[in-house]
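Only one structure is covered here, and it is reproduced in the block below.
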Amino acid sequence: MRGTLNPEQHAAVEHGDGPLLVLAGAGTGKTRVLVHRIAHLVERGVAPWQILAVTFTNKAAGEMRERLSQLLGDGAERMWIGTFHATCARILRRWGERVGLRKGFLIFDDDDQLKLVNRLMKEAGVDEQVTPRTLLSRFDRAKNQGVDPASVKRGDFVDDFVAQIYPQYQAQLLRENAVDFNDLILHVLTLCKDDEAGPRLATQFRHVLVDEFQDTNRVQYELVRHLSSGTHNLTVVGDDDQSIYRWRGAEPRNILDFDRDHPNAAVIKLEQNYRSTGTILDAANAVISKNADRHGKSLWTDRGGGDLIEYKIAGDDRSEAWDVARAIKEMIDEGGSSPRDVAILYRTNAQSRPLEEQLRRYGLPYQVVGAVSFFERKEIKDAVAYLRLIANSAADSAFDRVVNEPPRGIGQTTIDRLRAHTSATGFALLETAKLAARGEVAGLQAAARKKLAGFVELVAGLGDVVQAGASVAETLIQVVERSGIRARYEAMDSEEGRDRLGNLSQLVNLAADYDDEAGEEGSLEGFLERTALTAPADEREQGDAIRMMTIHMAKGLEFPVVFLCGMEDGLFPSLRERDGVGEAEALEEERRLAYVAITRARDKLYLSWARVRRVWGKDSMQAPSRFLDDLPPACLAQPVRPAAPPRPVYTSAPAMAPRKAKREWDEYDQRSSSSDDEPVFHLDADVREPAADDPYRPGREVSHAAFGTGKVLEARGAGPTRSIVVEFASVGRKTVLARFLAPA
DNA sequence: GTCGTCCCGGGTTCC
DNA sequence: CCGGGACGAC
């Protein structure tokens with residue numbers, strides 16, 4: 001095994017003690033190096049539980065654990081392998097009480113946080129143009145850097161609201177015995193300064209290894225530094241070109257300046273790519289080389305050129321999905337490829353739907369990895385909230401969520417009264433509801449008291465179930481049954497109701513898995529921690545299935561065949577404006593994302609985009625991704641250039657223009673309309689709401705070769721027959737096809 | 001006071 | 001397309 005490593009990899013694996021930085025490009029075998037290094041440490045006598053390996057996704061952690069158990073057997077079980085968040089949760093389980101957390105603390109997810117901020121804003125009467133999202137992202141950004149959000153002044157009107165709401169936000173978390181994702185790490189950092197826990201943590205791990213180090217934020221880096229401060233045995237591996245998490249506070253400086261913080265660090269570069277064909281590597285290098293802010297390294301391969309990159313333009317997102325499904329079907333029918341060789345990557349989770357539909361149609365097995373989180377579905381959140389409330393009576397957020405779910409006659413007014421009482425007494429909502437049921441809360445009618453009593457009794461009864469020793473799965477079944485959730489969805493007697501029940505039964509299955517794995521150690525708290533920190537797709541891999549995932553999820557993985565869908569400007573690169581990040585900087589991150597996507601492919605890469613895409617139920621016209629222009633023409637099986645949509649600019653010869661445009665369209669619209677089950681190009685003559693960046697939205701000035709300039713009144717339809725009603729200065733109102741217009 | 005219906009608007013990525 | 005909020009009906 002060792003013999004198959006090249007000299008650089010070998011040096012990294014066998015590096016002795018002291019800090020080590022491995023700068024490794026895509027596909028240079030860095031995960032392999034990490035795995036072998038850990039195995040090597042164990043061979044040298046380091047005990048498995050003295051090794052901490054941090055990854056960025058649960059998926060990567062799972063993979064690493066699996067590979068290590070192949071090399072080491074049971075020893076791997078006892079290692080600390082996990083994400084920053086999971087690692088910190090584990091440390092806090094042991095030491096949490098020293099930073100003010102009680103046993104069984106809750107972890108707030110995005111949605112929980114948002115709801116809380118929303119409520120606090122309303123209570124404080126904050127109504128100006130600040131959304132809860134904006135405030136929350138300010139909280140996050142500050143916390144990622146290890147500073148108090150309330151003290152950050154960026155000099156805009158949002159500052160005051162942050163300063164006002166944040167202390168209340170944090171106070172409520174404390175009351176509920178809850179933490180948000182950032183707090184998991186911040187609390188451990190506080191622990192590092194603790195007289196007792198600090199020194200222990202500094203020496204607990206004889207070796208600390210961090211994968212994807214370019215994605216660590218300041219707080220995470222400080223944590224790593226402390227955890228390795230007793231031994232200085234810190235190995236970090238990363239690639240600044242693959243930094244794709246700046247939006248959540250990642251600081252690539254951490255990797256670039258590593259040798260400044262660790263002057264005696266050994267630095268090893270891995271530049272030979274073993275993964276991709278020359279063609280794919282050329283394409284990836286061409287894209288990333290357009291970035292100014294990079295260190296620059298020279299990846300090379302001795303693999304041959306390989307197949308050219310396939311490129312396809314579809315009429316709409318359904319056609320795109322159909323093209324992909326058909327290509328995969330052919331590939332598999334020809335033999336040589338199996339579904340598990342193929343990955344479909346996209347920028348946003350929302351893109352998975354049409355793809356799934358077409359794959360199903362062809363009977364192709366697929367697995368959506370880490371998708372639109374299962375745990376974000378309403379029925380799942382509700383059931384989990386019951387569990388939270390049973391496990392932790394202080395969980396106001398959970399109480400709020402389920403007290404009237406399913407509807408049992410406890411409305412806003414009643415809850416407001418309870419809340420008023422809690423702010424006076426400091427009791428939790430559930431506790432207050434108990435008081436109310438006994439008539440000890442003012443202002444509540446007998447009817448409301450009775451209903452609250454019923455709810456309190458429901459929760460108490462479920463608590464008894466747990467006390468009686470029920471497994472998590474059994475508890476969950478009781479929750480769904482006794483709360484009336486099941487009856488409610490059954491009564492709906494609809495597709496939706498059945499879907500939701502199906503999801504709930506899947507949740508019960510996950511709980512049963514947990515019960516099996518955890519055995520005696522299992523607890524409601526343990527299950528809740530797992531639901532907060534993992535997605536179910538992280539857990540079980542389906543055997544022979546096509547993998548579908550976002551590019552972010554795909555980092556660190558590789559596949560023989562990759563389909564990269566939705567290569568459209570605005571989608572990929574995403575051109576959304578963001579709070580606090582410059583446009584150029586944001587674009588560079590998108591470019592790195594493109595680099596990551598392309599380098600996932602070993603042998604064959606397919607790129608595609610759709611001229612019309614349904615977004616939130618509305619059709620919108622798309623333009624090809626600017627990244628396509630960066631690809632060397634020699635890498636592509638089909639040229640990118642002529643595929644650009646017909647230019648609606650005709651400065652001369654107006655009579656010729658329509659014919660030319662027509663021909664261009666037909667020529668390059670690659671759908672064929674022969675087969676029955678093929679999705680047809682979707683056209684709609686309805687008046688549609690134009691997208692904000694639409695050059696033809698009402699009010700815009702446009703020009704027409706024959707009619708001159710005018711103002712848009714209305715836009716209809718989409719695609720090649722999209723028509724625009726224009727009030728022309730010279731000829732009055734006319735309806736013309738969009739492609740004969742240009743922005744004035 | 002609570003529940004149902006309609007309308008509006010939406011931050012994409014992950015732990 | 002989906003959830004939250006506003007508004008009107010028991």
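Computation of the quantities below employed the complete heavy-atom set of this structure, encompassing side-chain atoms and omitting hydrogens, waters and symmetry-equivalent molecules. Everything quoted here is computed from the prediction, not taken from an experiment. Here is the naming used below: chain letters follow the sequence lines, and residue numbers restart at 1 for every chain.
Counting to the nearest Å, the P atom of B:dC14 and the CD atom of A:Gln242 are 16 Å from each other. Counting to the nearest Å, the C1' atom of B:dT12 and the CG atom of A:Leu571 are 9 Å from each other. Atom-to-atom, CD1 of A:Ile244 to P of B:dT13 comes out at 13 Å; the value is rounded to the nearest Å. For A:Asp180 and B:dC14, the CG to C1' distance is 14 Å, given to the nearest whole Å. A:Tyr245 has its OH atom 11 Å from the P atom of B:dT13, to the nearest Å. Here B:dC15 presents its P atom at 12 Å from CD of A:Glu212, a figure rounded to the nearest Å. Protein atom CZ of A:Arg248 is 13 Å distant from nucleotide atom P of B:dT13, rounded to whole Å. Atom-to-atom, CG of A:Asp110 to P of B:dT12 comes out at 12 Å; the value is rounded to the nearest Å.
A:Tyr489 and A:Arg498 share no donor-acceptor pair across their side chains, judged by distance under 3.5 Å alone. Of the N and O atoms on the side chains of A:Tyr169 and A:Gln113, at least one donor lies less than 3.5 Å from an acceptor on the other residue. For the residue pair A:Glu212 and A:Gln214, a side-chain donor N or O sits within less than 3.5 Å of a side-chain acceptor on the partner. A donor atom on one side chain and an acceptor atom on the other are found under 3.5 Å apart for A:Ser397 and A:Glu176.
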Exercise for review: Determine, stepwise, if the pair A:Thr216 / A:Glu251 fulfils side-chain contact (heavy atoms from CB on, under 4.5 Å).
Suggested key: CA-CA 6 Å; A:Thr216 50; A:Glu251 295 190 14; over 6 Å; no

Point to revise | Under 4.0 Å protein heavy-atom contact, by nucleotide of nucleotides 1-7 of chain B - B base, S sugar-phosphate only | key: SSS----

Revision key, fill the gap. Scoring nucleotides 1-8 of chain C by protein non-hydrogen atoms under 4.0 Å (B base, S sugar-phosphate only, - none) yields BS-SS---

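Contact of A:Arg576 with B:dT12 (side chain to base): no donor-acceptor pair of N or O atoms is detected under 3.5 Å.
A:Phe455 has its ring centre less than 6.0 Å from the ring centre of A:Phe399. Two rings, from A:Tyr221 and A:Phe213, have their centers less than 6.0 Å apart.
The residue A:Phe84 sits apart from the nucleic acid: no heavy atom pair falls under 4.0 Å.
More than 12 heavy atoms of other shown residues, nucleotides or ligands fall within 6.0 angstrom of atom CD in A:Glu490.
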